[in-house]
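Atoms within a ligand are numbered from 1 in the order they appear, just like the ligands themselves. Heads up: numbering here begins at 1 and tracks the sequence. A quick note: this is a predicted structure, and the numbers were derived from the prediction, not measured.
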Amino acid sequence: MSIVLHRDQGFLLENDEQIGLECPYCGVYSHMSPESVPDATDLLHHRPKHVGLVFRCDACQAPVFLRFAVKQYGEDQVELYRNFIELERPKERFAFAYLPKDTEVLFREALSCYSNNNFNAFASMCRRSASSAYHALGEGGRLRAFEEIIIAQDIAGIDDDTFAPVKKVLFDAEIEEELPMLNRSQAGILLEVLKDMLYQCFVRRGKLTRALKVRRFFVQGSNDDLQSTA
Ligand SMILES: [Zn+2]
């Protein structure tokens, strides 16, 4: 796919291809329509190394900003590299309301690091989030959490080598300096494993308790109704 800004024809994609990505606003994987595109004549005059384009998400109409590097300047057109940078990344979601207060604050910051591609800051915050979760779980909490991540490894079929950095971050690093350096794919695995662990340890129990409370409330309510009509 070549992406071109033409002096007369504006934004052009080869073979009528389209740009699609996960929208940072609505979270839908959507087609993006060019909305605000720099003038090629202007670019040919100033010759910047990067250009910014605004697209419109077809699902929610929100403006989405993308930055492209310039591949080459032609006579009447500017060709752009196809790998763009998303200036706003989709936010990672989680049922934060079920987490203990400190864990919630730390895990929100961890997810914010991840959304901004700061994967080693993310790893550090995962370690703090996990420590706070073990503390909140009380005696045996750390062991319980460990069992949950081993189950997750098994369910997802992650091999030991791939899983080692995740385990190290969550359980084995005694001090910050021992944390391994993470790349994007390792950070992605850590993210999903920690989400699953927090879900199993807090969210599942919270949701079930709340659902049972609501059931009891309705049973109670209908008993009162029966008594009142008797
Ligand atoms: Zn959208």
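- Counting non-hydrogen atoms of other residues, nucleotides and ligands closer than 6.0 Å to NE2 of His135 gives a total of 12 or fewer.
- Excluding waters, the protein N/O/S atoms found under 2.8 Å from the Zn ion (ligand 1) are Cys23 SG, Cys26 SG, Cys57 SG, Cys60 SG.
- In this model, no donor atom of one side chain and acceptor atom of the other lie less than 3.5 Å apart for Ser129 and Thr103.
- A donor atom on one side chain and an acceptor atom on the other are found under 3.5 Å apart for Glu88 and Tyr25.
- Between Tyr134 and Phe171, the ring-plane angle classifies as parallel under the 30° and 60° cut-offs.
- Under the 3.5 Å distance criterion, with hydrogens and angles disregarded, no donor-acceptor pair is assigned to the side chains of Gln153 and Asp159.
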Show every donor-acceptor pair shorter than 3.5 Å between a side-chain atom in residues 199-206 and any protein atom, with sequence neighbours excluded, or say none if there are none.
residue : atom : partner : partner atom : Å
Gln200  : OE1  : Arg204  : NH1          : 3.1

